Amino acid sequence: MPVPADWPTTEAEALAEQQRLRELVEPYGPGLAEGELVAGVDVAYDDERDVVVAAAVLLDQASLEVVEEATAVGRISFPYVPGLLAFRELPAVMDALASLHQTPDLVVCDGYGLAHPRRLGLASHLGVLTGLRTVGVAKTPFTFTYEQPGPERGAWAPLSDAETGEEVGRAVRTRPGVKPVFVSVGHRIGLDESVAVTLALAPTYRLPETTRRADSLCRRALAAAIG
DNA sequence: GCGACAG
DNA sequence: ATCTTGTCGC
């Protein structure tokens, strides 16, 4: 599942593409079931050498054991623009996913889904392009606001758009007393289910195991790719 | 107009 | 994202 041939190269094209895809997001659906496979994806860059490396790691939902790993190396095709991150990261991510021998039942992304200025963060974008179920788990609140969730693991508070007041995601406490992560729906899953999946994937550390594994793998692959 | 701004 | 030392704590 490589990226479409007419992948946007300018901000204007990217904005038009987001407007088209946002209508296709399905913000409802089940969480993980017994025996399903979850993929974590992440990207690392070397701006100097114009190199990007993506990693996709497949884990068993119940044991969180690694089932399969894949990486993809490419050229940086889009600058970092807040709100347009998908256009920078997805080409390599989709190549890495295509290299997996099994199809994930859910993909956990490092970033947002519906919690996005135009409701199409990279997780939702990836979901619509691939048809896969996706969730976004970000490390910072971007432009949204939230109240501090309770100190215990599992506590959460709405992540809201200050303009519209709508709940676009949730600040979720995965570790007691540690800064929350920011969960939002990607595609074909509901918000409650997204939060439950995030907690199940992060039994020990702040970030989901999927994200930790993918982050570690793409860094190692980048180091190996450059001299 | 200016600053902030997922990774 | 990436550049970077030491340090506090389980």
Side-chain angles (χ1 to χ4, degrees), chain A residues 11 14-15 17-18 21-22 25 40-57 71-94 96 107-128 134-146 151 153 159-163 167-172 174-187 194 198 202-208 210-227:
Chain A
E11 288 194 23
L15 289 169
E17 178 69 348
Q18 286 187 334
L21 297 179
R22 63 181 294 182
V25 178
V41 292
D42 197 14
V43 178
Y45 303 92
D46 184 315
D47 288 296
E48 296 291 296
R49 311 189 186 219
D50 189 39
V51 173
V52 53
V53 175
V57 181
T71 60
V73 182
R75 295 292 186 173
I76 298 176
S77 57
F78 204 92
Y80 170 64
V81 180
L84 299 180
L85 187 60
F87 298 95
R88 178 173 169 84
E89 306 217 326
L90 292 191
V93 164
M94 291 177 74
V107 181
V108 178
C109 298
D110 191 4
Y112 287 120
L114 290 182
H116 176 275
R118 294 171 294 281
R119 304 294 177 269
L120 195 84
L122 79 174
S124 298
H125 197 138
L126 177 66
V128 170
T134 62
V135 168
V137 180
K139 300 181 288 295
T140 64
F142 199 17
T143 61
F144 304 106
T145 61
Y146 67 101
R153 170 179 149 80
L159 181 67
S160 38
D161 184 314
E163 300 297 302
E167 179 182 37
V168 295
R170 286 176 188 162
V172 179
T174 51
R175 288 204 65 181
V178 174
K179 178 183 177 3
V181 293
F182 305 90
V183 178
S184 60
V185 167
H187 184 55
S194 298
T198 298
T204 310
Y205 299 99
R206 177 182 177 234
L207 297 177
T210 38
T211 301
R212 301 183 68 249
R213 295 283 189 174
D215 179 75
S216 153
L217 179 56
C218 70
R219 286 178 198 249
R220 274 178 284 136
L222 176 63
I226 62 182

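Below, chain A is the first sequence line, B the second, and so on; all start at residue 1. Remember, predicted model here, so these are calculated numbers, not experimental data.
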Minimum heavy-atom separation for [X] and [Y], please, with both atom names.
X	Y	value
V43(A)	A54(A)	CG2-CB, 4.1 Å
A72(A)	A96(A)	CB-N, 3.6 Å
A14(A)	F78(A)	CB-CZ, 4.0 Å

Extract all donor-acceptor atom pairs below 3.5 Å that involve side chains of residues 177-187 of chain A and protein atoms in other chains or at least two apart in sequence.
{"from": "K179(A)", "atom 1": "NZ", "to": "K139(A)", "atom 2": "O", "distance (Å)": "3.1"}
{"from": "S184(A)", "atom 1": "OG", "to": "G113(A)", "atom 2": "N", "distance (Å)": "2.8"}
{"from": "H187(A)", "atom 1": "ND1", "to": "E26(A)", "atom 2": "N", "distance (Å)": "3.1"}

Check the orientation of F144(A) and Y112(A). Use parallel for under 30°, tilted for 30 to 60°, and perpendicular for over 60°.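 Rings of F144(A) and Y112(A): perpendicular, over 60°.
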Under 4.0 Å protein heavy-atom contact, by nucleotide of nucleotides 2-7 of chain B - B base, S sugar-phosphate only: ---SBB
Counting primed atoms plus P, OP1 and OP2 as sugar-phosphate and everything else as base, spell out the protein contacts along nucleotides 5-10 of chain C at 4.0 Å heavy-atom distance: B, S or - for each nucleotide, 5' to 3'. ------
Treating [X] as the side-chain partner and [Y] as the backbone partner, does any N or O pair qualify as donor plus acceptor under 3.5 Å?
X	Y	answer
R153(A)	P176(A)	no
Q18(A)	G83(A)	yes
R119(A)	H116(A)	yes
T134(A)	V107(A)	no
R170(A)	S194(A)	no

Rounded distance [0.5 Å steps], CZ in R213(A) versus OG1 in T211(A):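 Going from CZ on R213(A) over to OG1 on T211(A), the span is 12.0 Å.
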How long is the gap from OG1 on T143(A) to CG on D161(A), to the nearest 0.5 Å?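 Answer rounded to 0.5 Å: 6.5 Å.
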How long is the line joining CG of L217(A) and P of dA1(C), in whole Å?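 Interatomic distance, CG of L217(A) to P of dA1(C): 15 Å.
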For DNA chain C, please output the secondary structure as dot-bracket, reading 5' to 3'. Pairs are Watson-Crick or G-U wobble, both atom distances under 3.5 Å; mark crossing pairs with [ ], other-strand partners with |, unpaired with a dot. ..........
Pairs counted only when both distances fall under 3.5 Å, Watson-Crick or G-U: show me the 5' to 3' dot-bracket for DNA chain B, [ ] for pseudoknotted crossings and | for other-strand partners. .......
Which atom pairs, donor and acceptor, lie under 3.5 Å between side-chain atoms of residues 215-227 of chain A and protein residues at least two apart or in another chain?
{"from": "D215(A)", "atom 1": "OD1", "to": "R219(A)", "atom 2": "NE", "distance (Å)": "3.3"}
{"from": "D215(A)", "atom 1": "OD1", "to": "R219(A)", "atom 2": "NH2", "distance (Å)": "3.4"}
{"from": "D215(A)", "atom 1": "OD2", "to": "R219(A)", "atom 2": "NE", "distance (Å)": "2.9"}
{"from": "S216(A)", "atom 1": "OG", "to": "R220(A)", "atom 2": "NE", "distance (Å)": "3.4"}
{"from": "S216(A)", "atom 1": "OG", "to": "R220(A)", "atom 2": "NH2", "distance (Å)": "3.0"}
{"from": "R220(A)", "atom 1": "NE", "to": "S216(A)", "atom 2": "O", "distance (Å)": "3.4"}

Under 4.0 angstrom, heavy atoms only, what part of the nucleic acid is R219(A) near: base, sugar-phosphate, or nothing?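 R219(A): backbone/sugar contact only, no base atoms under 4.0 Å.
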